[in-house]
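Here's the structure, in structure tokens; my notes come after.
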Amino acid sequence: MMKRRTFLCGLAIGTVAAPLAGEAQPPTGKVPRIGWLGANPAPGRHMREAFLQGLRDLGYVDGRNVVIEYRFAEGKLERYPALAAELVALKVDVIVAPITPAALAAKQATRTIPIVFAAVGDPIRDGLVTSLARPGGNVTGVSSLTPELVGKCLEQLKQSVPGVSRVAVLWQPGAAPERTEKDMLKEAEVAARALGVRLQFVEARGPADLDRAFSDMTRVRAGALTVLPGNMFFGERRHLVALAAKNRLPAVYTLREYVDAGGLMAYGANGADLFRRVATYVDKILKGAKPADLPVEQPTKFELAINLKAAKALGLTIPQSVLGRADQVIE
């Protein structure tokens, strides 16, 4: 069962394009091709579907008046440059590169084909754009404000588990560019000092490291867990949630999909909304707009999702003050 208050993912810049009455017809009359440079086909399917729904709302139907060329790195970052080169060789009209490593590889592969990202933590620090208002170059998209979210997630966790004194921080080295990675870890440390908790940073470079990582958390007697953003973690979210439950660790994540998979709580932007917004960028670009003139959008509202079933299994009572702020409560 689920209760949900209305949640609107506001955006700092830009307006929502109205759906077209019929199928979209790009100015040239030819069927445009969109390149999709993704991480894994299965774990990100619903985000991809959100993008496709956004296209349909704007009048584009894959295989009818638009063609989408998919390329997936299968979780191997080193594959992105070659895959990006393939899409460039196909002369696609626009490349959708959802996450930072994909967007960086696409930018290295072409300076002319427009590139749109969907869930980049800090596009300026990552070297994708020169500014949010005027991106410059051939890259633009939607930012997820990842570094700033890390401290907020810790805050939500501390308020939900008031007595916790040591929190494990699970992170994947290399999941983000080095500067953004350092910013996330720094944000966690600053928030921990303000909240009066000690942090234990635990690395996991791949799925095979997760069991060992949780053993490390247990050994240092962590009382709770925050999981930093990472595509590998997202793909392994059911395994992660199961390990947190097995080790009786209250955990907070940055995407609601972890809560849908049985996790305790999540705080962050609505991922599906971000991907739907990407479709509006693609539409504008196919109609002649240049990425340099399309401001990067940032979410200004975030959703808090709480799974009371998971809380009960942990013997945890979520304070009413926290529940009252939740946008989604799974009972």
Side-chain angles (χ1 to χ4, degrees), residues 1-3 43 149-173 175 184-185 188-189 191-230 232-268 303-331:
M1 296 290 292
M2 186 182 299
K3 297 188 298 186
L149 276 177
V150 174
K152 290 291 186 182
C153 284
L154 269 175
E155 184 180 328
Q156 301 294 338
L157 184 61
K158 174 65 174 174
Q159 291 174 357
S160 300
V161 193
V164 70
S165 60
R166 184 184 291 272
V167 177
V169 180
L170 183 64
W171 67 295
Q172 179 190 7
M184 286 194 290
L185 299 180
E189 291 172 340
R193 283 196 295 269
L195 295 168
V197 299
R198 290 173 294 170
L199 298 181
Q200 184 69 37
F201 291 97
V202 181
E203 296 182 6
R205 295 180 179 273
D209 297 326
L210 292 176
D211 289 296
R212 186 266 312 152
F214 276 84
S215 295
D216 291 347
M217 296 175 205
T218 301
R219 189 175 63 254
V220 298
R221 298 184 178 181
L225 165 67
T226 182
V227 178
L228 299 191
M232 184 271 288
F233 291 155
F234 185 75
E236 296 291 323
R237 60 190 178 277
R238 294 190 183 280
H239 187 200
L240 264 177
V241 164
L243 285 170
K246 177 183 177 181
N247 290 276
R248 301 192 63 77
L249 280 172
V252 63
Y253 311 89
T254 56
L255 286 171
R256 188 188 71 193
E257 284 74 17
Y258 287 91
V259 173
D260 294 337
L264 176 64
M265 62 190 304
Y267 181 77
E303 67 176 16
L304 173 63
I306 298 173
N307 188 332
L308 289 181
K309 184 177 179 181
K312 183 178 180 180
L314 291 166
L316 180 65
T317 300
I318 304 293
Q320 192 58 45
S321 59
V322 177
L323 286 174
R325 297 197 306 270
D327 300 283
Q328 178 189 29
V329 177
I330 296 177
E331 298 180 319

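Positions are given from 1, in the same order as the sequence printed here.
Of all heavy-atom pairs spanning Thr254 and Val227, the tightest one is CG2-O, 4.3 Å. Taking all atoms of both residues into account, the shortest heavy-atom contact from Val150 to Leu228 is CG1-CD2, 3.8 Å. Residues Ile318 and Ser160 share a closest heavy-atom pair of CD1-CB, 4.0 Å. Residues Val241 and Ala261 approach most closely at CG1-O, 3.7 Å, considering heavy atoms. Heavy-atom minimum distance, Gly151 versus Ala191: CA-CB, 3.6 Å. Residues Ala313 and Arg248 share a closest heavy-atom pair of O-NH1, 3.2 Å.
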Could you list the donor-acceptor pairs under 3.5 angstrom formed by side chains in residues 192-204, with sequence neighbours left out?
unit_1: Gln200; atom_1: OE1; unit_2: Arg166; atom_2: NH1; d: 3.4

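The CD1 atom of Ile330 sits 8.5 Å away from the CZ atom of Arg256 when rounded to the nearest 0.5 Å. The line from CE of Met184 to CG of Leu149 is 10.5 Å long, rounded to the nearest 0.5 Å. Gln156 contributes atom CD, which lies 11.5 Å from atom CG of Leu264 (distance to the nearest 0.5 angstrom).
Considering only heavy atoms from C-beta on, Met232 comes within 4.5 Å of Pro207 through its side chain. Within the 4.5 Å cutoff, the side chain of Phe233 has heavy atoms near those of the Gln172 side chain. Contact check for Leu304 versus Lys152: no side-chain heavy atoms found under the 4.5 Å cut-off. Contact check for Asn247 versus Leu225: no side-chain heavy atoms found under the 4.5 Å cut-off. Looking at heavy atoms from C-beta onward, Val329 lies in side-chain contact with Leu308 at the 4.5 angstrom threshold. You'll find the side chain of Val259 stays beyond 4.5 Å of the side chain of Ile306, heavy atoms only.
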**Study point:** Criterion side-chain contact (heavy atoms from CB on, under 4.5 Å) on Lys312 and Thr317, from CA distance to verdict
**Key:** CA-CA 7 Å; Lys312 183 178 180 180; Thr317 300; over 6 Å; no
Practice item. With side-chain contact (heavy atoms from CB on, under 4.5 Å) as the test, would you mind laying out the steps for Leu240 and Phe214 before giving the verdict? Key: CA-CA 9 Å; Leu240 264 177; Phe214 276 84; 3.7 Å; yes
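Judged purely by atom type and a 3.5 angstrom limit, Asn307 has no side-chain atom pairing as donor or acceptor with the backbone of Met265. Side chain of Lys158 to main chain of Val164: a donor-acceptor pair is present (N/O by atom type, distance under 3.5 Å, no hydrogens or angles).
Scored by the ring-ring contact (aromatic ring centres under 6.0 Å, His included) test, Tyr258 finds Tyr253 as partners (sequence neighbours excluded).
Glu331 has no carboxylate O lying under 4.0 Å from a charged side-chain N of Lys309, or vice versa, which leaves the two without a salt bridge.
There is a side-chain donor-acceptor pair under 3.5 Å between Gln159 and Arg325.
Listed by first then second residue, pairs satisfying salt bridge (Lys or Arg N to Asp or Glu O under 4.0 Å) with a partner in residues 206-217 read Arg212-Asp216, Asp216-Arg219, not counting sequence neighbours.
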